[in-house]
Amino acid sequence: VQMMVYGNLGPRSGTGVVLTRNPAGRSESLQLWGDFVIQDQGDDVVSGLVETFPLSEQQRCSEANGDGLSLEKDFPAIYEALAAYARSLIVDYGLFHQEIEFTFERAEPGGLYILQTRDAAVPQAPTTRTTLAKSARRGCNPRLRCCMRFLLLHAAADWERTHGAA
C-alpha cells in the first residue's frame, strides 16, 4: 500500500535525509546527522535548489550555523521520533548505519513518514578487526563467513606484503 505524503503543506511540514552517524567522524556511535527543509519536497533537497538546515544541535553548532534552525530544536517531536526509529534499526535489528529519507506533514510524531532507508555509504573501509567484531555481535550466516574469510586472506596478504613472509 502506498500513499502520497507532502512536506510542503505548511510551515510545520518538511522533508529531509538523516544519517545515523556523522559521516565526517570516525565514531560508530548513533548520531543523527543530515539535512532537512521546511515546507518543501524531497526532490528539491536532493537537487540543491533550496537552503537546508541541520538535523541536530551538535551539527548546527559544528557548521557555524549559530542561530539557525535545527530539527532537534525547532521540531523536537519529529527529531525524537526519528531518533527512536534510527535506534530501532541499528540496535534492535542490528543493521549497519542507515541513510533515512523522511517527510513530516505536521510537527508531531504521527505526522512523520519514513520514505525509505538503506545502508549508508561509509567513507572509509572498515578494518578486518572491526568487521569481525561487528559480525560476531550480529551472528554469522554462510555468506558472511565467506566474506570474513575473504577479508582475512586479504589482510594476511597485506601484512605479508608490508612485513615480509614469516
*Would you sort out whether Leu82 and Leu71 count as a side chain to side chain contact (heavy atoms under 4.5 Å, CB included), showing the intermediate values?*
CA-CA 10 Å; Leu82 273 172; Leu71 193 72; 3.6 Å; yes
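- Here the side chains of Arg12 and Arg106 are not in contact, with every heavy-atom distance at 4.5 Å or above.
- Atom OG of Ser29 is separated from atom CD1 of Ile90 by 11.0 Å, given to the nearest 0.5 angstrom.
- Residue Ala81 comes nearest to Leu112 through the heavy atom pair CB-CD2, 3.6 Å, listed as atom of the first residue, atom of the second, then distance.
- Using a 4.0 Å cut-off between charged nitrogen and carboxylate oxygen, Glu99 and Arg118 count as a salt-bridge pair.
- Between Glu108 and Ile78, the shortest heavy-atom contact is O-CD1, 3.3 Å.
- The two atoms that bring Gln98 and Thr20 nearest to each other are N-OG1, 2.9 Å, heavy atoms only.
- Minimum heavy-atom separation, Val37 to Thr52: CG1-CG2, 3.7 Å.
- At least one side-chain heavy atom of Trp33 sits less than 4.5 Å from a side-chain heavy atom of Ser62.
- For the pair Leu89/Ile100, a side-chain contact is recorded, criterion being any heavy-atom separation below 4.5 Å from C-beta on.
- The aromatic ring centres of Tyr113 and Phe102 sit 6.0 Å or more apart.
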*Run the side-chain hydrogen bond (donor to acceptor under 3.5 Å, both in side chains) check on Ser56 and Glu72 step by step: do they pass?*
CA-CA 5 Å; Ser56 69; Glu72 182 177 16; 4.8 Å; no
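- At least one side-chain heavy atom of Glu105 sits less than 4.5 Å from a side-chain heavy atom of Tyr6.
- The aromatic rings of Phe53 and Phe36 lie tilted to each other, with the angle between the two planes from 30° to 60°.
- Here the straight-line distance linking atom CG of Asn22 with atom CD of Gln31 works out to 5.5 Å at 0.5 Å rounding.
- With values rounded to the nearest 0.5 angstrom, Thr15 atom OG1 is found 11.0 Å from Asp35 atom CG.
- Leu55 and Gly34 get closest at one heavy-atom pair: CD1-C, 3.1 Å.
- Tyr79 contributes atom OH, which lies 13.5 Å from atom CZ of Phe104 (distance to the nearest 0.5 angstrom).
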